[in-house]
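For clarity, every value in this text was computed on a predicted model and none was experimentally measured. Keep in mind that the numbers below use all heavy atoms, side chains included, and drop hydrogens, waters and symmetry copies.
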Amino acid sequence: SITREWTLTDGSRNTTSNTQTITVTACTPVITTQTTTQSIIYGADASFTVAATGDNLTYNWQENTSSGFVDIVDGGFYSNATTATLTITKPTVAMSSNQYRVIISAGPDATVTSVDNVILIATKKALTVTAVDASKTYDGLAYNGGNNATYSGFVNGEDETVLGGLLAYSGTSQGAINFGSYVITPSGLTSDNYEISFIDAELSLGKKAVTVIADAQAKTYGDDNPAL
């Protein structure tokens, strides 16, 4: 506010004093582009952006995880929480459905809030687990287990150590004894952030080489051949 005082003196030298106070109120910002729901696949970044008109604008992003909106501070997943664009670095699938809004201010009693039905949609990243082919030579023992697996689709520098469960094997290979080809089927792994697909491998069970050696025999000329 601005305060000014003045004094008036008339011809009889009488004086009159007065005070005037001028209060300047900031104009409420106007949102010209609302923020919108963002969809990402796990491993990607997400951002929410708003556009507004007004002078000396400040921004305060908020998040609602189910129990009401709270202020976001920079750190962890979040950055630029006091700008027109909030950045969420590689959010997890567990953050899907969280709501986001921003409070924009041009001064005391001059604020506006963006729509609060904007959400993050984070879906699982595809991950392929491929069993490794195996082979063995017939030994009369049943085959069990597998020959490990390869992985395709990890992001963020992650590897199989982030997966839950245990790698298991099934299929016609389990208990196989005799010569032939059998299926090794991987399974058992789980993840909150990856959609896992399993690909079978082949077990090749080969024949065991057997050498048959006849017994040496002798005979005298004119005698019958010996039994073999």
Non-hydrogen atoms of Ser105 and Pro29 that approach each other most closely: C-CG, 4.0 Å

Within the distance-only criterion (no hydrogens, no angle test), does the side chain of Ser47 pair as donor or acceptor with the backbone N or O of Thr87 below 3.5 angstrom? no

Hey, are the side chains of Ile40 and Leu120 touching, using non-hydrogen atoms and a 4.5 Å cut-off? yes

Let me see the working for Tyr42 and Asp192 under side chain to side chain contact (heavy atoms under 4.5 Å, CB included), right down to the final yes or no. CA-CA 10 Å; Tyr42 176 68; Asp192 292 333; over 6 Å; no

Between CG on residue Leu205 and OH on residue Tyr138, distance to nearest 0.5 Å: 9.5 Å

Taking the side chain as everything from C-beta on, heavy atoms only, tell me whether Phe198 gets closer than 4.5 Å to Leu189. yes

Closest approach of Asp74 to Ala81 (non-hydrogen atoms, all atoms of both residues): OD1-N, 2.9 Å

Taking all non-hydrogen atoms of both residues into account, name the closest pair between Phe154 and Val162 and its distance. CE2-CG2, 4.0 Å

Give a yes-or-no answer on whether the side chains of Ser204 and Ser135 include a donor-acceptor pair shorter than 3.5 Å. no

Any donor and acceptor pair, going by atom type alone, linking the side chain of Lys124 with main-chain N or O of Ser191 inside 3.5 Å? yes

Backbone N or O of Tyr151 within a donor-acceptor pair of the Glu160 side chain at under 3.5 Å? no

Scanning both residues in full, the closest heavy-atom pair of Thr85 with Thr49 reads OG1-OG1, 3.0 Å

Has the side chain of Gln99 got a donor or acceptor atom that lies under 3.5 Å from a matching backbone atom of Ser97? no

Taking all non-hydrogen atoms of both residues, which atom of Thr130 and which atom of Thr128 are closest, and how far apart? OG1-CG2, 3.6 Å

From Ile88 atom CD1 to Ile72 atom CD1, the distance as rounded to the nearest 0.5 Å: 6.5 Å

Could you give me the CA-CA distance, side-chain angles and deciding distance for Val183 and Asp200, then say whether side chain to side chain contact (heavy atoms under 4.5 Å, CB included) is met? CA-CA 7 Å; Val183 176; Asp200 294 343; 3.5 Å; yes

For the pair Thr32 (side chain) and Ala51 (backbone), establish whether a donor and an acceptor sit closer than 3.5 Å, ignoring hydrogens and angles. yes

Run the side chain to side chain contact (heavy atoms under 4.5 Å, CB included) check on Val50 and Ile104 step by step: do they pass? CA-CA 9 Å; Val50 68; Ile104 306 171; 4.1 Å; yes

Go through it in stages, so that I can follow the logic: the residues are Ile31 and Ser114, the test is side chain to side chain contact (heavy atoms under 4.5 Å, CB included), and I'd like the CA-CA distance, side-chain angles, deciding distance and then a yes or no. CA-CA 7 Å; Ile31 294 178; Ser114 65; 4.0 Å; yes

Between the OG1 atom in Thr113 and the CD1 atom in Ile103, the distance rounded to the nearest 0.5 Å is 4.5 Å

Could you check whether atom CG of Asn56 has more than 12 heavy atoms from other residues, nucleotides or ligands sitting under 6.0 Å from it? no

Counting neighbours of CD1 on Ile41 that are heavy atoms of other residues, nucleotides or ligands and sit closer than 6.0 Å, is the number greater than 12? no

How about Asp45 and Thr89: does a side-chain donor come under 3.5 Å of a side-chain acceptor? no

Between Lys125 and Asn193, do the side chains contain a donor N or O and an acceptor N or O under 3.5 Å apart? no

State plainly whether one hydrophobic cluster holds both Val129 and Val155, where clusters connect Ile, Leu, Val, Met, Phe, Trp and Tyr through side-chain heavy atoms under 4.5 angstrom apart. yes

Backbone of Asp133 reached by a side-chain donor or acceptor of Glu202 within 3.5 Å: no

Is any side-chain heavy atom of Leu86 closer than 4.5 Å to a side-chain heavy atom of Thr35? no

Please round to the nearest 0.5 Å and tell me the distance separating atom CZ of Phe77 and atom OG1 of Thr92. 5.0 Å

Counting only heavy atoms from other residues, nucleotides and ligands, does the tally under 6.0 Å from NZ of Lys219 exceed 12? yes

Can you tell me how the ring of Trp61 sits relative to the ring of Phe48, calling it parallel under 30°, perpendicular over 60° and tilted otherwise? tilted

Donor-acceptor side-chain pairing of Gln174 and Thr172 below 3.5 angstrom: no

Expected output: side-chain Asn156 to main-chain Glu158 donor-acceptor under 3.5 Å: no

What heavy-atom pair brings Ile121 and Ser96 nearest, and what distance separates the two atoms? CA-OG, 3.5 Å

For Asp55, does the CG atom have more than 12 heavy-atom neighbours from other residues, nucleotides or ligands under 6.0 Å away? no

Fit a plane to each ring of Tyr78 and Tyr100, take the angle between them on a 0 to 90° scale, and name the class: parallel (under 30°), tilted (30 to 60°) or perpendicular (over 60°). tilted

